[in-house]
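Read the structure below first, then the notes.
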Amino acid sequence: MSGPRRIAVLGSTGSIGTQALDVIRQLPERFAVDSLAGGRNHGLLAQQIAEFRPRAASWQGAASADLEAAVRSTGCRFAPVEDLALASDIPLIATAGAAGLFPTLAALKAGMPVAIANKEVLVMAGNVVQKALREHGGRLHPVDSEHSAIWQCLWGEEDHGIRRILLTASGGAFRDFDADSLAVVTAEQALNHPTWNMGPKITVDSASLMNKGMETIEAMWLFDVPMEKVEVVLHRESIVHSLVEFSDGSVKAQMGVPDMRLPIQLALAYPERMPTPPMPSLDLAAAGSLSFGRPDMERFPCLRLAIEAGRRGGTFPCAMAAADEVAVGRFLDGEVGFLDIPRVIEAVLEKHDGIADPDIETILEVDLQARDKARAVKPGVPV
Ligand SMILES: NC(=O)c1ccc[n+]([C@@H]2O[C@H](COP(=O)([O-])OP(=O)(O)OC[C@H]3O[C@@H](n4cnc5c(N)ncnc54)[C@H](OP(=O)(O)O)[C@@H]3O)[C@@H](O)[C@H]2O)c1
């Protein structure tokens, strides 16, 4: 690689974004921040601008006084996220929700590589993303630890048939709870993930297994396999990040310490691997034994709903993701219970008239409509 790779860190104030900045901080000769994009946490974005002195930045709403001061003193200028993505060597899409869609599509249509953490982009608009990849020759470098693992298992195996993809799941904060206990869990409990330190939405999705459901849909688009070939395996230790079974029955797994900085640096550095200085070696003897099991779709209906939406295809995954985002917000606000999350999603999907191979306008319209419906659902009362 000649000179540091210039990164647009979109979602820099979030969990993935701050860990990506940590990776960049550790490897200044390989990576440089070209631009930063946050949402409403202007205080943190101001600090990041002061430290990394990006060429340009983006944020939501009117700039706070400290953000204005940071921008003025560093000469950084405001630019839309699509422009930030296009001006970089590689954008990291680490915004939450639908906000990642347009910069991803802009970069792929320019034939660029994209480091993608954002789940909703592929869940909502996988067909549109795949079309952009086919027509313009860009590349997706997955950041999620499971998809990074599958990606790594497939290197050098391009001509070999995939029999199955095995996505591992830690099981989230409530993996040992029975149905009665699940009915009364609080948002505070849901936000306490056993292994990973993530943003609030994805942490609740991990507890409901919706996160794993979305990952099966992402895997289908990223690795061009039908949903039937993607299976979820419970694996508490979060050491085996996922596996691929090939046509001859051979299974490859990728393992590592559960630290998101590893897949982040790989997605940014690919095809190189870089020594991320503070990363400890995996101590298998200390881990002892590794356990595997089947997920319980009765206790965790979100996983079933996501797999069904993925199989039905078209706009079903988009409607599901939108309904989930609203339902999780309502749960975090204390308005509905944890078990109401799948009830809200199911109520929205029951009334959804799917549209096959939707374009981006249809996807955005379905997203808005599903959100409206999800806000109106009173769990237990038909919509
Ligand atoms: N965290 C993980 O370990 C992990 C692993 C795999 C995949 N992912 C996926 O990566 C994405 C980010 O996850 P996260 O855990 O980092 O989330 P997070 O901590 O909630 O951070 C989200 C980031 O997006 C920004 N943002 C939110 N809404 C926005 C909008 N409308 N426009 C522009 N920026 C907006 C936030 O800005 P402000 O905070 O400034 O408002 C923040 O920078 C999600 O799609 C998640 O599913 C995360």
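Every heavy atom of this structure was used, including side-chain atoms; hydrogens, water molecules and symmetry mates were not. When a residue number appears, it is its place in the shown sequence, counting from 1.
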Query raised in the report: With a 4.5 Å limit on heavy-atom distance, are the side chains of Leu84 and Pro103 in contact?
Result: no
Report summary line: Hits for salt bridge (charged side-chain N to carboxylate O under 4.0 Å, His left out) against Arg175, two or more places apart or cross-chain, chain-then-number order -> none
Report task. Using modelled atom types only, decide if a donor and an acceptor are shared between the side chain of His42 and the backbone of Leu67 within a distance under 3.5 Å. Result -> no
Query raised in the report: Of all heavy-atom pairs between Val244 and Cys153, which one has the smallest distance, and what is that distance?
Result: CG2-CB, 3.7 Å
Report task. Quick one: closest heavy-atom pair of Ile239 and Ala287, and the distance? Result -> CD1-CB, 3.6 Å
Query raised in the report: When you look at Asp372 and Gln369, which way does the side-chain contact (heavy atoms from CB on, under 4.5 Å) test go after all the steps?
Result: CA-CA 5 Å; Asp372 283 348; Gln369 285 171 1; 5.7 Å; no
Report task. Hey, could you give me the CG/CD distance between Leu209 and Glu215, rounded to the nearest 0.5 Å? Result -> 10.0 Å
**Report entry** Stepwise side-chain contact (heavy atoms from CB on, under 4.5 Å) check, Phe292 with Val240
**Finding:** CA-CA 10 Å; Phe292 299 94; Val240 177; 3.9 Å; yes
Query raised in the report: Which pair of heavy atoms, one from Phe338 and one from Pro342, lies closest together, and at what distance?
Result: O-CD, 3.6 Å
Query raised in the report: In Å, rounded to the nearest 0.5 Å, how long is the span from CG of Leu36 to CD1 of Ile49?
Result: 6.0 Å
Report task. Measure the spacing between CG of Leu166 and CD of Glu146 and express it to the nearest 0.5 Å. Result -> 12.5 Å
**Report entry** salt bridge (Lys or Arg N to Asp or Glu O under 4.0 Å) between Glu346 and Arg304, worked out
**Finding:** CA-CA 10 Å; Glu346 191 149 31; Arg304 173 182 55 77; 3.7 Å; yes
Query raised in the report: Is a side-chain donor or acceptor of Glu51 paired with a backbone partner of Gln48 at a separation under 3.5 angstrom?
Result: no
Query raised in the report: Would Arg236 and Asp176 count as a salt bridge (Lys or Arg N to Asp or Glu O under 4.0 Å) if you check the C-alpha gap in whole Å, the side-chain angles of each, and the deciding distance to 0.1 Å?
Result: CA-CA 11 Å; Arg236 290 170 174 265; Asp176 298 320; 2.5 Å; yes
Query raised in the report: Do the side chains of Phe331 and Val184 join up, straight or via other hydrophobic residues, at under 4.5 Å, putting them in one cluster?
Result: no
Report summary line: In this structure, OG of Ser208 is separated from CD1 of Ile345 (nearest 0.5 Å) by 6.5 Å
Report task. Classify the side-chain pair Thr315/His352 by whether it contains a donor and acceptor separated by less than 3.5 Å. Result -> yes
Requested in this report: Salt-bridge test for Arg330 and Asp333: reply yes if a basic N is under 4.0 Å from a carboxylate O, no otherwise.
Outcome: no
Query - Pair Arg5 + Glu272, salt bridge at N-O below 4.0 Å - result: no
Report summary line: Residue set satisfying side-chain contact (heavy atoms from CB on, under 4.5 Å) with Asp357, at least two apart, ordered chain then number -> Asn127
**Report entry** Ile341 side chain near Asp324 side chain, heavy-atom distance below 4.5 Å
**Finding:** yes
Requested in this report: For the pair Lys212 (side chain) and Thr168 (backbone), establish whether a donor and an acceptor sit closer than 3.5 Å, ignoring hydrogens and angles.
Outcome: yes
Query raised in the report: If you group Ile, Leu, Val, Met, Phe, Trp and Tyr by side-chain heavy-atom gaps below 4.5 Å, do Trp221 and Leu101 land in one group?
Result: yes
Requested in this report: Verify the cluster assignment for Leu45 and Phe78: are they in a single hydrophobic cluster under the rule of side-chain heavy atoms below 4.5 Å apart?
Outcome: yes
Report task. Can you measure from CG (Leu10) to CD1 (Ile16) and round to the nearest 0.5 angstrom? Result -> 13.0 Å
Report task. Might you point out which heavy atoms bring Val336 and Ala327 nearest each other, and give the distance in Å? Result -> CG2-O, 4.1 Å
**Report entry** Derivation and outcome, side-chain contact (heavy atoms from CB on, under 4.5 Å), residues Asp367 and Arg371
**Finding:** CA-CA 6 Å; Asp367 175 72; Arg371 281 170 198 271; 3.0 Å; yes
Report task. With the side chain counted from C-beta on, respond yes when Asp34 and Ile7 share a heavy-atom pair under 4.5 Å apart, and no when they do not. Result -> no
**Report entry** Worked verdict on Val326 versus Val348 for side-chain contact (heavy atoms from CB on, under 4.5 Å)
**Finding:** CA-CA 11 Å; Val326 171; Val348 171; over 6 Å; no
Query raised in the report: Between the main-chain N or O of Met214 and the side-chain N or O of Lys119, is there a donor-acceptor pair closer than 3.5 Å?
Result: no
**Report entry** Test: Glu135 and Lys109 ion pair at under 4.0 Å
**Finding:** no
Report task. Anything under 30° is parallel, anything over 60° is perpendicular, the rest tilted; go ahead and classify Tyr270 against Trp151. Result -> tilted
Query raised in the report: Considering only heavy atoms from C-beta outward, does the side chain of Asp224 approach that of Gln130 to under 4.5 Å?
Result: yes
Query raised in the report: Within a radius of less than 6.0 Å around NZ of Lys252, do more than 12 heavy atoms belonging to other residues, nucleotides or ligands occur?
Result: yes
Query raised in the report: Linking I/L/V/M/F/W/Y whenever their side-chain heavy atoms sit closer than 4.5 Å, directly or via other members, would Ile355 and Leu122 fall into one cluster?
Result: no
Query raised in the report: Can you list the other members of the hydrophobic cluster that holds Met112, where links are side-chain heavy atoms under 4.5 angstrom apart?
Result: Leu86
Query raised in the report: At their closest point, which heavy atom of Thr13 faces which heavy atom of Asn41, and how far apart are they?
Result: CG2-O, 3.8 Å
Query raised in the report: His235 side chain to Ser291 main-chain N or O, any donor-acceptor pair under 3.5 Å?
Result: yes
Query raised in the report: Are Arg77 and Arg55 close enough that some pair of their side-chain heavy atoms sits under 4.5 Å apart?
Result: yes
Query raised in the report: Linking I/L/V/M/F/W/Y whenever their side-chain heavy atoms sit closer than 4.5 Å, directly or via other members, would Phe223 and Leu266 fall into one cluster?
Result: yes
Query raised in the report: Hey, are the side chains of Val377 and Asp340 touching, using non-hydrogen atoms and a 4.5 Å cut-off?
Result: no
Query raised in the report: Hey, does the side chain of Ser148 reach the backbone of Asp144 with a donor-acceptor pair shorter than 3.5 angstrom?
Result: no
Query raised in the report: If every non-hydrogen atom of Ala96 is compared with every non-hydrogen atom of Asn118, which pair is closest and at what distance?
Result: C-ND2, 3.8 Å
Query raised in the report: Heavy-atom count around Asp353 CG within 6.0 Å, excluding the residue itself: above 12?
Result: no
Report task. Inspect the contact between Lys201 and Glu325 and indicate whether a charged nitrogen and a carboxylate oxygen are less than 4.0 angstrom apart. Result -> no
Query raised in the report: Got Asn211 and Met198 here, is their nearest side-chain heavy-atom distance under 4.5 Å?
Result: no
Query raised in the report: Is it true that a side-chain atom of Thr74 and a backbone atom of Ala70 form a donor plus acceptor pair closer than 3.5 Å?
Result: yes
Requested in this report: Evaluate the side-chain proximity of Glu29 to Leu27: yes if any heavy-atom separation is below 4.5 Å, no if none is.
Outcome: yes
**Report entry** Spacing of Ile165 atom CD1 and Leu154 atom CG [to the nearest 0.5 Å]
**Finding:** 6.5 Å
Query raised in the report: Quick one: does His141's side chain have a donor or acceptor within less than 3.5 Å of a partner on Pro113's backbone?
Result: no
Query raised in the report: Are there more than 12 heavy atoms of other residues, nucleotides or ligands under 6.0 Å from atom CZ of Arg6?
Result: yes
Query raised in the report: When you measure from the side chain of Glu158 to the backbone N and O of Gly156, does any donor-acceptor pair fall under 3.5 Å?
Result: yes
